[in-house]
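The structure appears right after this line, and notes come after that.
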Amino acid sequence: QVQLVESGGGLVQAGGSLRLSCLASGSIFSINTMGWYRQAPGKQRELVAATTSSGRITYVDSVKGRFTISRDNAKNTVYLQMNSLKPEDTAVYYCNADAYYSGSFGYLEVWGQGTLVTVSS
């Protein structure tokens, strides 16, 4: 089994910053892509940013230049530094990983429980 535990969400004023962290724990052999998704009320879940184990990074256009994803492979941890936050960034942010772990027989997608980010105007 693998668990993803997010932290770092909260309430911040527009223009402020937050840093999200996600730790993957369990009997993990390897993790390929790790990333962050978000879901705002009444909207579909969307990819915010993702990074592969080789360092390839993808961002949704709306966060480019404001958010930075980083990863510590040795710690199975991914971070999302969010700067210049806007009210439209308000959402539940979910950590996601493609993990190969004991009992998985290959890479499987794993989700965290989500952390709420609220940006006030």
Side-chain angles (χ1 to χ4, degrees):
Q1 285 280 21
V2 173
Q3 282 190 322
L4 302 183
V5 179
E6 302 110 331
S7 60
L11 173 65
V12 64
Q13 288 188 333
S17 298
L18 283 175
R19 189 188 192 216
L20 305 183
S21 300
C22 172
L23 169 66
S25 63
S27 299
I28 300 169
F29 299 144
S30 176
I31 300 178
N32 187 7
T33 302
M34 294 188 81
W36 293 93
Y37 287 70
R38 67 185 178 187
Q39 187 165 19
K43 294 187 177 182
Q44 288 189 330
R45 190 174 297 189
E46 66 170 353
L47 173 67
V48 177
T51 176
T52 67
S53 56
S54 61
R56 185 163 57 96
I57 291 175
T58 301
Y59 294 102
V60 67
D61 286 346
S62 60
V63 308
K64 286 180 179 177
R66 300 188 297 123
F67 291 11
T68 302
I69 189 170
S70 61
R71 177 172 172 173
D72 186 332
N73 290 326
K75 296 181 179 179
N76 289 332
T77 300
V78 64
Y79 307 94
L80 186 67
Q81 178 67 43
M82 305 185 293
N83 298 328
S84 302
L85 282 160
K86 304 175 181 180
E88 51 264 44
D89 294 317
T90 295
V92 177
Y93 284 71
Y94 296 91
C95 182
N96 173 276
D98 288 327
Y100 179 29
Y101 54 91
S102 178
S104 70
F105 301 104
Y107 286 90
L108 295 180
E109 191 173 46
V110 184
W111 291 91
Q113 80 285 355
T115 185
L116 178 62
V117 171
T118 304
V119 184
S120 63
S121 56

Could you check whether Tyr37 and Arg45, counting side-chain N and O atoms only, form a donor-acceptor pair closer than 3.5 Å?
no
Leu11 and Ser120 have their tightest heavy-atom pair at CD1-CB, 4.4 Å
Say whether, by atom type as modelled, one donor and one acceptor occur between the side chain of Ser104 and the main chain of Leu108 under 3.5 angstrom.
no
Can you tell if the side chain of Leu18 reaches within under 4.5 Å of the side chain of Leu85, non-hydrogen atoms only?
yes
Rounded distance [0.5 Å steps], OG in Ser102 versus CD1 in Ile28:
11.0 Å
Shortest non-hydrogen contact between Val110 and Val2, atoms and distance
CG1-O, 3.9 Å
4.5 Å side-chain heavy-atom contact, Arg56 and Thr33:
no
Considering only heavy atoms from C-beta outward, does the side chain of Val78 approach that of Ile69 to under 4.5 Å?
yes
So, does Arg38 use its side chain to make a donor-acceptor pair with the main chain of Tyr94 at under 3.5 Å?
no
Ser53 and Arg71: side chain to side chain contact (heavy atoms under 4.5 Å, CB included), yes or no, with the steps?
CA-CA 9 Å; Ser53 56; Arg71 177 172 172 173; 3.8 Å; yes
Is the shortest distance from a Lys or Arg side-chain nitrogen in Asp61 or Lys64 to a carboxylate oxygen in the other one below 4.0 Å?
yes
Could you grab the distance from atom OG1 of Thr51 to atom OH of Tyr79, nearest 0.5 Å is fine?
13.0 Å
Side-chain contact, heavy-atom cut-off 4.5 Å: Leu47 with Tyr59?
no
Mind checking the OG1-CG spacing from Thr115 to Leu80? Nearest 0.5 Å is all I need.
11.0 Å
Verify whether one side chain among Gln39 and Glu46 offers a donor that lies under 3.5 Å from an acceptor in the other.
no
Counting the benzene-type ring for Trp, do Trp36 and Phe67 have ring centres under 6.0 Å apart?
no
Does atom CD of Gln44 have more than 12 heavy-atom neighbours from other groups under 6.0 Å away?
no
Side chains of Val117 and Leu20 in contact at under 4.5 Å (non-hydrogen atoms):
yes
Specify the closest pair of heavy atoms between Pro87 and Ser121, including all atoms of both residues, with the distance to one decimal.
CG-CB, 3.9 Å
Hey, is CD on Glu88 packed in by over 12 heavy atoms from elsewhere, all under 6.0 Å?
yes
Backbone N/O of Gln81 and side chain of Arg19: donor-acceptor pair under 3.5 Å:
no
Is it true that Trp111 and Val5 fall in one hydrophobic cluster, defined by side-chain heavy atoms closer than 4.5 Å?
no
Do Asp89 and Met82 have side chains that approach each other closer than 4.5 Å (heavy atoms only, starting at C-beta)?
no
When you measure from the side chain of Thr90 to the backbone N and O of Val119, does any donor-acceptor pair fall under 3.5 Å?
yes
Please check if Leu23 and Met34 belong to a single hydrophobic cluster, counting links between Ile, Leu, Val, Met, Phe, Trp and Tyr side chain heavy atoms closer than 4.5 Å.
no
Test side chain to side chain contact (heavy atoms under 4.5 Å, CB included) applied to Tyr93 and Val48, step by step:
CA-CA 9 Å; Tyr93 284 71; Val48 177; 4.2 Å; yes
Holding to side chain to side chain donor-acceptor pair (under 3.5 Å), I want the full list of residues that pass it with Ser30, two or more places apart in sequence or in another chain.
Tyr107
Please collect all disulfide bond (SG atoms under 2.5 Å apart) contacts where either partner lies in residues 43-89, sequence neighbours excluded, each pair once.
none
Is there a donor-acceptor contact under 3.5 Å linking the side chains of Asp72 and Thr77?
no
Name all pairs fulfilling the disulfide bond (SG atoms under 2.5 Å apart) condition that reach into residues 4-104, sequence neighbours left out, sorted by first residue then second.
Cys22-Cys95
Please report the shortest heavy-atom distance between Ala24 and Ile31, naming the atom on each side.
CB-CD1, 3.8 Å
Taking atom CZ of Phe29 as the centre, does the number of heavy atoms from other residues, nucleotides or ligands within less than 6.0 Å exceed 12?
yes
Heavy-atom nearest pair, Ser17 first then Asn83, reads OG-OD1, 2.9 Å
